[in-house]
Amino acid sequence: MSEKKVTMEQLGEHKSNGDLWLLVDGKVYDVSKFADEHPGGDEVLLSEAGKDATESFEDVGHSDDARALLPGMLVGEIEGGAAVKSPIFMFIPLLLLGAWIAYRAMN
Ligand code: HEM
């Protein structure tokens with residue numbers, strides 16, 4: 001089971017009408033052909049291109065029927081896991097620790 005890996009950069013290369021990839025739950029889907037038939041319209045899909053569309057997708061409360069369409073449009077998995085968060089978040093605990101040590105040293 002070796003799924004194709006898609007980078008955020010590659011995701012960003014498919015965000016136009018007719019060449020549209022979406023990132024939902026760590027997986028990348030090619031919705032190029034589906035966009036025209038999407039009951040929610042193609043504009044919302046276009047506006048979610050190139051970034052993580054998971055939250056928007058879940059907010060709508062898509063039906064099981066909608067979810068069943070996903071596997072047929074699968075391109076691959078996003079590289080680096082589901083959440084492509086800015087690495088700065090990983091430093092916050094370290095910063096807090098550093099601040100605490102500095103505080104202790106000064107008092
Ligand atoms: C590959 C991804 C997507 C698929 C396969 C999909 C599929 C569908 C389907 C089948 C419906 C009809 C209602 C239902 O069955 O739940 C729907 C409705 C809707 N979708 Fe999506 N959708 C996708 C992504 C998105 C995204 C990223 C948005 C962003 C906001 C979105 C917004 C909406 C909205 C607003 C509706 C409601 C339309 C209405 O009832 O008037 N969808 N979608």
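Start at 1 and go down the list; that is how both ligands and their atoms are numbered.
Under 4.0 Å is where a charged nitrogen must lie from a carboxylate oxygen, and between K5 and E79 no such pair does.
If you check which protein heavy atom lies closest to atom 4 (C) of ligand 1, you get F34 CE2, 3.5 Å. Counting only heavy atoms of the protein, atom 13 (C) of ligand 1 lies nearest to S63 OG, 4.6 Å.
With sequence neighbours excluded, no residue forms a side-chain hydrogen bond (donor to acceptor under 3.5 Å, both in side chains) with D42. For E58, the salt bridge (charged side-chain N to carboxylate O under 4.0 Å, His left out) partners two or more places apart in sequence, or in a different chain, are R67.
The proximity of R67 to ligand 1, defined as any non-hydrogen pair under 4.0 Å, does not occur for either the backbone or the side chain.
For the pair L70 and ligand 1, a heavy-atom separation below 4.0 Å is found.
The two atoms that bring F57 and L70 nearest to each other are CZ-CD1, 4.0 Å, heavy atoms only. Across all their heavy atoms, L20 and A35 have their closest contact at CD2-CB, 4.3 Å.
Near V31, meaning under 4.0 Å from any of its heavy atoms, are these atoms of ligand 1: 1 (C).
Polar contact check, E48 against ligand 1: no nitrogen or oxygen pair lies under 3.5 Å apart.
Between the side chain of D25 and the backbone N or O of K27 there is no donor-acceptor pair closer than 3.5 Å. Using a distance-only test at 3.5 Å, with no hydrogens or angles considered, a donor-acceptor pair links the side chain of Q10 to the main chain of T7.
Within the 4.0 Å cut-off (strictly below), a protein heavy atom is located near atom 15 (O) of ligand 1.
Protein N, O or S atom count below 2.8 Å of atom 21 (Fe) of ligand 1: the structure gives 2.
A donor and an acceptor atom, one from each side chain of S63 and D65, are nowhere located under 3.5 Å apart.
A side chain to side chain donor-acceptor pair (under 3.5 Å) check over residues 91-107, counting only residues at least two apart or in different chains, returns nothing.
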